[in-house]
Amino acid sequence: MGHSQQTAICGSHCCAECRRKEQCGGCLETGGSPFGGVCVAAQRFKQGGLEAFQRLKEQLIREFNALNVPGLQVRDLNLLNGFYINLVYTLPNGQTVQLLEDKNIYLGNQVEIPGNDRCYGLAGDETHLLVCEYGCGGQDPEIVIYKRRKA
């Protein structure tokens, strides 16, 4: 099976679409640990297949919507690389922090804020939810909510 036809543990074609496959090592080749991290989809598929993954995705959507963030209505989540969405936030004391792991794959999305030129960025996994707000291209990000999920 050639690289362009190869699928990931979750059945997606992310390996064929990835421009960083050489760095990541491939989903199947790494047992679902691309970049040496954790892929939320691969872990759920190994635990219980598509049904387990869909349950997690639906639960995360419910949890994001239950946060009651003004203007945030989540309808779908996508697999997103941590290195792509791991923004640098400036805390009130001037220190900077990143809340995600570059090497992990999260379920997330970008949602436009109604009547605003900023967007909400969402990321979730087995343990945490993150909602942030940012401008065009991730500029001036602010943490809206970062919380541990209930087990």
Side-chain angles (χ1 to χ4, degrees), residues 4-21 23-89 97-151:
S4 64
Q5 299 299 314
Q6 191 171 32
T7 59
I9 289 172
C10 67
S12 75
H13 296 283
C14 56
C15 289
E17 298 165 5
C18 183
R19 290 174 280 165
R20 296 183 66 179
K21 186 161 189 276
Q23 295 162 326
C24 114
C27 181
L28 294 174
E29 295 86 349
T30 63
S33 295
F35 302 103
V38 175
C39 174
V40 67
Q43 297 307 308
R44 273 299 171 119
F45 266 81
K46 289 194 289 188
Q47 293 171 1
L50 178 61
E51 187 177 308
F53 175 70
Q54 290 292 12
R55 274 196 314 270
L56 173 64
K57 187 174 176 179
E58 291 166 8
Q59 181 62 34
L60 285 172
I61 290 171
R62 283 192 298 275
E63 289 178 33
F64 278 122
N65 287 329
L67 295 173
N68 294 316
V69 174
L72 178 62
Q73 180 61 41
V74 182
R75 290 182 177 80
D76 196 13
L77 296 172
N78 307 299
L79 292 172
L80 300 170
N81 291 345
F83 61 79
Y84 182 70
I85 61 172
N86 196 11
L87 301 176
V88 177
Y89 304 96
V97 64
Q98 288 182 285
L99 300 174
L100 304 176
E101 293 288 334
D102 284 350
K103 62 187 178 181
N104 289 354
I105 310 295
Y106 298 89
L107 278 167
N109 208 338
Q110 176 176 286
V111 177
E112 292 182 15
I113 300 173
N116 198 320
D117 62 351
R118 292 173 64 81
C119 294
Y120 289 123
L122 315 171
D125 62 12
E126 298 281 354
T127 60
H128 288 86
L129 296 177
L130 170 64
V131 178
C132 67
E133 178 183 315
Y134 50 80
C136 184
Q139 292 181 343
D140 303 316
E142 298 175 13
I143 301 165
V144 176
I145 296 175
Y146 180 63
K147 66 178 270 183
R148 181 175 293 141
R149 293 183 63 226
K150 295 177 181 162

task: Could you please spell out the steps behind the salt bridge (Lys or Arg N to Asp or Glu O under 4.0 Å) verdict for Glu112 and Arg118?
output: CA-CA 7 Å; Glu112 292 182 15; Arg118 292 173 64 81; over 6 Å; no
message: Can a side-chain donor-acceptor contact be found between Gln54 and Glu58 if the only test is distance below 3.5 angstrom?
response: no
message: Please check: side-chain N/O of Asn116 versus main-chain N/O of Pro114, any donor-acceptor pairing under 3.5 Å?
response: no
message: Would you say that more than 12 heavy atoms from the other residues, nucleotides or ligands in this model lie under 6.0 Å from the CD of Glu51, or not?
response: no
task: Taking the side chain as every heavy atom from C-beta outward, state whether Leu107 and Asn78 have any atom pair closer than 4.5 Å.
output: no
- prompt: If we only count heavy atoms from C-beta on, is the Val111 to Gln73 side-chain gap below 4.5 Å?
  reply: no
- prompt: Looking at Leu130 and Ile143, what are the two nearest heavy atoms and their distance?
  reply: CD1-CG2, 4.4 Å
Check against side-chain contact (heavy atoms from CB on, under 4.5 Å), Val40 and Leu56: CA-CA 9 Å; Val40 67; Leu56 173 64; 3.3 Å; yes
Basic-acidic side-chain contact under 4.0 Å: Asp125, Arg149: no
Test item: Gln110 and Tyr134 side chains (from C-beta on) under 4.5 Å apart, heavy atoms: yes
field: Atom pair CD1/CG of Ile145 and Leu122 - distance to nearest 0.5 Å
entry: 10.0 Å
- request: With rounding to the nearest 0.5 Å, note down the distance linking SG in Cys132 to CD1 in Ile85.
  value: 8.5 Å
- prompt: Does Lys147 reach the side chain of Leu67, with side-chain heavy atoms less than 4.5 Å apart?
  reply: yes
statement: From the list Phe83, Phe35, Tyr84, side chain to side chain contact (heavy atoms under 4.5 Å, CB included) with Asp102 holds only for Phe83
Nearest atoms (heavy-atom pairs only) where Pro141 meets Leu87: CB-CD1, 3.7 Å
- prompt: Taking the side chain from Tyr120 and the backbone from Asn109, do they hold a donor-acceptor pair closer than 3.5 Å?
  reply: no
- request: Would you check if Glu126 and Arg44 make a side-chain contact, meaning some heavy-atom pair closer than 4.5 Å?
  value: yes
query: Is the backbone of Thr127 close enough, under 3.5 Å, to the side chain of Arg148 for a donor and an acceptor to pair up by distance?
result: no
field: Pairwise distance SG(Cys136) to CG(Asp117) - rounded to 0.5 angstrom
entry: 8.5 Å
query: Is the shortest heavy-atom distance from the side chain of Leu100 to the side chain of Tyr106 under 4.5 Å?
result: yes
query: Are the side chain of Asn81 and the backbone of Ile105 linked by a donor-acceptor contact shorter than 3.5 Å?
result: no
field: Asn86 to Leu99 - nearest heavy-atom pair and separation
entry: OD1-N, 3.6 Å
- request: Output yes when a side-chain donor or acceptor of Asn104 lies under 3.5 Å from a complementary backbone atom of Gly82, and no otherwise.
  value: no
